[in-house]
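Encoded as structure tokens, the structure appears first; notes follow it.
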Amino acid sequence: MTGVGFTFEEVSCLHSCKSKVLSCHFSSDGKLLASAGHEKKVVLIWNMETLDFVRTAEGHSLLITDVRFRPSSTIFATSSFDKTVQLWDSTKPSKSLFKLVGHAEQVLSLDFHPRKTDLLCSCDSNNEMRLWNINQRSCVHVSKSATKQVRFQPRPGKLIATASGNVVNVIDAETNKPLSCLKGHNKEVLSICWDPSGKYFASISEDSARMWSVSGGECLHELRSTGNKFQSCTFHPGYSQLLVIGGYQCLELWNPVESNKTWTVEAHRGLISSLADCLQTEMVASASHDQCVKIWK
């Protein structure tokens, strides 16, 4: 599908919790993987060399919706239904470093700026996006433009892509001004991801996947679901145009440049709620409601 010798196989299955996993993310060097979800408001930090893990303390009072590492750092942040964002150091996980308070509703997603790593954005279920300076522990801007997910453009970080209802918004990260509102999904956009170059991004709703051009703000490719409910996405770290889509139990690999067919991989026993990729190791992680996180290469 992506040339001779392409493989995509399960490397390991990480299982240590008793409830749904909702999010996972690799550290920049690929040595750590954080996973979080329903279980006791705790994050598991996995050592990718030994596959051992440590648990954080119970920092949140309700389930954790998203976890993201600060670029080139052991620091990571979590968002929660308890309306807070918390910062942690994976080398000292016994308690959170501090919390950011200001959202009036459940915080559903967050992300760090790729270069200005003191900058963090988060969004809540009331469509409010907040930009925070974590050095000052203060909110520097509030806007209405993001509900389900926020993701900074990789490398330059000049743009933020957000999912709000059935549209994707592209926002200028410097001025906080909306640049484009991309329509086409019939159902709520559940997940968005950038390709490593920052020239394209993908969006997922239950019934379709779309790939967009940043420069033209147009939909380049669309994949309709044939029954599997799409939930999550990430670009394959080794093949720039290859999108990995998480659905119910299966992963679908889609390279629209070669063909509009997909390659289906049996992966989990539940909904695949989150996908993460690591450019350093070319690995992909999948987190699922079946209480497992799996590593693929």
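A salt bridge links Asp111 to Arg68: at least one charged side-chain nitrogen sits closer than 4.0 Å to a carboxylate oxygen. Between Asp172 and Lys158 there is no salt bridge, since no side-chain nitrogen of the basic residue lies less than 4.0 Å from a carboxylate oxygen of the acidic one.
Between atom CD of residue Glu282 and atom CG of residue Asp277 there is a gap of 10.0 Å, rounded to the nearest 0.5 Å. Distance NE2/His15 to CG/Leu44: 11.0 Å, rounded to 0.5 Å. With rounding to the nearest 0.5 angstrom, the CG atom of Asp207 is 10.5 Å from the NZ atom of Lys229. A distance of 12.0 Å separates CD in Gln291 from OG in Ser35, rounded to the nearest 0.5 Å. In this structure, CE on Met283 lies 7.0 Å from OG on Ser12, to the nearest 0.5 angstrom. Taking CD of Gln153 as the start and NE2 of His113 as the end, the distance is 8.5 Å to the nearest 0.5 Å.
In this structure, Pro237 and Val284 approach most closely via the heavy-atom pair CD-CG2, 3.6 Å. Closest heavy-atom contact between Arg130 and Cys139: NH1-SG, 3.5 Å. When all heavy atoms of Trp296 and Val11 are compared, the closest pair comes out as C-CG2, 3.9 Å. Heavy atoms only, all atoms of each residue included: Gly217 and Leu182 are closest at O-CD2, 3.2 Å. Smallest separation of non-hydrogen atoms from Val42 and Glu58: CG2-CG, 3.7 Å. When all heavy atoms are compared, the tightest approach of Pro256 to His221 is CB-CG, 3.4 Å.
No hydrogens or angles considered: a donor-acceptor pair under 3.5 Å links the side chains of Thr65 and Ser79. A donor-acceptor contact closer than 3.5 angstrom links the side chains of Thr147 and Asn127. Under the 3.5 Å distance criterion, with hydrogens and angles disregarded, a donor-acceptor pair is assigned to the side chains of His185 and Ser205. For the residue pair Ser164 / Thr162, no side-chain donor-acceptor distance below 3.5 Å is found, with atom types taken as modelled.
Alongside Phe76, the hydrophobic cluster contains Leu32, Val43, Ile45, Val54, Ile64, Val67, Phe69, Trp88 (criterion: ILVMFWY side chains under 4.5 Å).
Counting non-hydrogen atoms of neighbouring residues, nucleotides and ligands closer than 6.0 angstrom, the NZ atom of Lys144 exceeds 12 such neighbours.
Trp132 and Val150 fall into different hydrophobic clusters, where Ile, Leu, Val, Met, Phe, Trp and Tyr are joined by side-chain heavy atoms under 4.5 Å apart, directly or via other members. Ile171 and Val140 fall within the same hydrophobic cluster, defined by Ile, Leu, Val, Met, Phe, Trp and Tyr side-chain heavy atoms under 4.5 Å apart, directly or through other members. Clustering ILVMFWY residues whenever any of their side-chain heavy atoms sit less than 4.5 angstrom apart, transitively, puts Leu120 in the very cluster that holds Phe98. Cluster annotation: Phe26 is connected to Val21 through the hydrophobic network of ILVMFWY side chains, with a link wherever side-chain heavy atoms come within less than 4.5 Å. Residue Leu275 is grouped with residue Trp263 when hydrophobic side chains (ILVMFWY) are merged at heavy-atom distances under 4.5 angstrom, including chains of intermediate members.
Applying side-chain hydrogen bond (donor to acceptor under 3.5 Å, both in side chains) to Ser80 and the options Thr78, Asp82, Thr84 leaves one that passes, Asp82. Here the options are Cys123, Ser109, Ser274, the test is side-chain contact (heavy atoms from CB on, under 4.5 Å), and the partner is Asp66; only Ser109 passes. Test Phe152, Phe235, Trp194 against Phe201 for ring pair (Phe, Tyr, Trp, His ring centres under 6.0 Å) and you get one pass: Trp194.
When atom types are taken as modelled, the side chain of His236 and the backbone of Gly238 share a donor-acceptor pair closer than 3.5 angstrom. With Arg115 contributing its side chain and Pro154 its backbone, the two residues share no donor-acceptor pair below 3.5 Å. At least one donor-acceptor pair under 3.5 Å links the side chain of Arg70 to the backbone N or O of Thr117. Although no hydrogens or angles enter the test, the distance criterion places a donor-acceptor pair under 3.5 Å between the side chain of Asp195 and the main chain of Tyr200. No donor-acceptor distance shorter than 3.5 angstrom exists from the side chain of Gln106 to the backbone of Ser125, with no hydrogens or angles considered. At distances below 3.5 Å, at least one donor-acceptor pair connects side-chain atoms of Gln86 with backbone N or O atoms of Gly59. Distance alone, capped at 3.5 Å, is enough to place a donor-acceptor pair between the Ser288 side chain and the Asp290 backbone. Looking at Gln149, its side chain does come within 3.5 Å of a backbone N or O of Ile192 through a donor-acceptor pair. The backbone N or O of Thr281 lies less than 3.5 Å from a partner atom in the side chain of Lys297, making a donor-acceptor pair. Checked by atom type and distance alone, the side chain of Ser90 pairs as donor or acceptor with a backbone atom of Thr74 at under 3.5 Å.
Between Met48 and Lys31, the closest side-chain pair of non-hydrogen atoms is not below 4.5 Å. A heavy-atom distance below 4.5 Å is found between the side chains of Ile295 and Leu33. Proximity of Ser273 to Lys20: side-chain heavy atoms (C-beta onward) are nowhere separated by under 4.5 Å. Residues Leu190 and Lys148 meet the side-chain proximity criterion, which asks for heavy atoms closer than 4.5 Å. By the 4.5 Å heavy-atom criterion applied to side chains, Ile160 and Leu131 are counted as neighbours. In this structure, Phe81 and Leu108 have side chains that are in contact, with non-hydrogen atoms separated by less than 4.5 Å. Considering only heavy atoms from C-beta on, Glu188 stays 4.5 Å or farther from Glu206 through its side chain. Residues Arg55 and Phe53 are in side-chain contact: their nearest non-hydrogen atoms beyond the backbone lie under 4.5 Å apart.
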**Request:** Starting from the C-alpha separation in whole Å, work towards a yes-or-no answer on side chain to side chain contact (heavy atoms under 4.5 Å, CB included) for Lys183 and Val168.
**Result:** CA-CA 7 Å; Lys183 297 174 181 174; Val168 180; over 6 Å; no
**Item:** Verdict with supporting geometry, Ile272 and Gln231, side chain to side chain contact (heavy atoms under 4.5 Å, CB included)
**Value:** CA-CA 7 Å; Ile272 299 165; Gln231 179 72 28; 5.9 Å; no
**Message:** side chain to side chain contact (heavy atoms under 4.5 Å, CB included), that's the test. Do Glu128 and His103 meet it? Break it down for me.
**Reply:** CA-CA 8 Å; Glu128 184 175 280; His103 282 286; 3.9 Å; yes
**Item:** side chain to side chain contact (heavy atoms under 4.5 Å, CB included) between Asn228 and Ile245, intermediate numbers included
**Value:** CA-CA 10 Å; Asn228 189 6; Ile245 301 167; over 6 Å; no
**Asked** Can you list the steps and then say if Ser143 with Asn176 is a side chain to side chain donor-acceptor pair (under 3.5 Å)?
**Response** CA-CA 8 Å; Ser143 61; Asn176 301 304; over 6 Å; no
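The aromatic rings of Phe6 and Phe8 lie parallel to each other, with less than 30° between the two planes, well short of the 60° mark.
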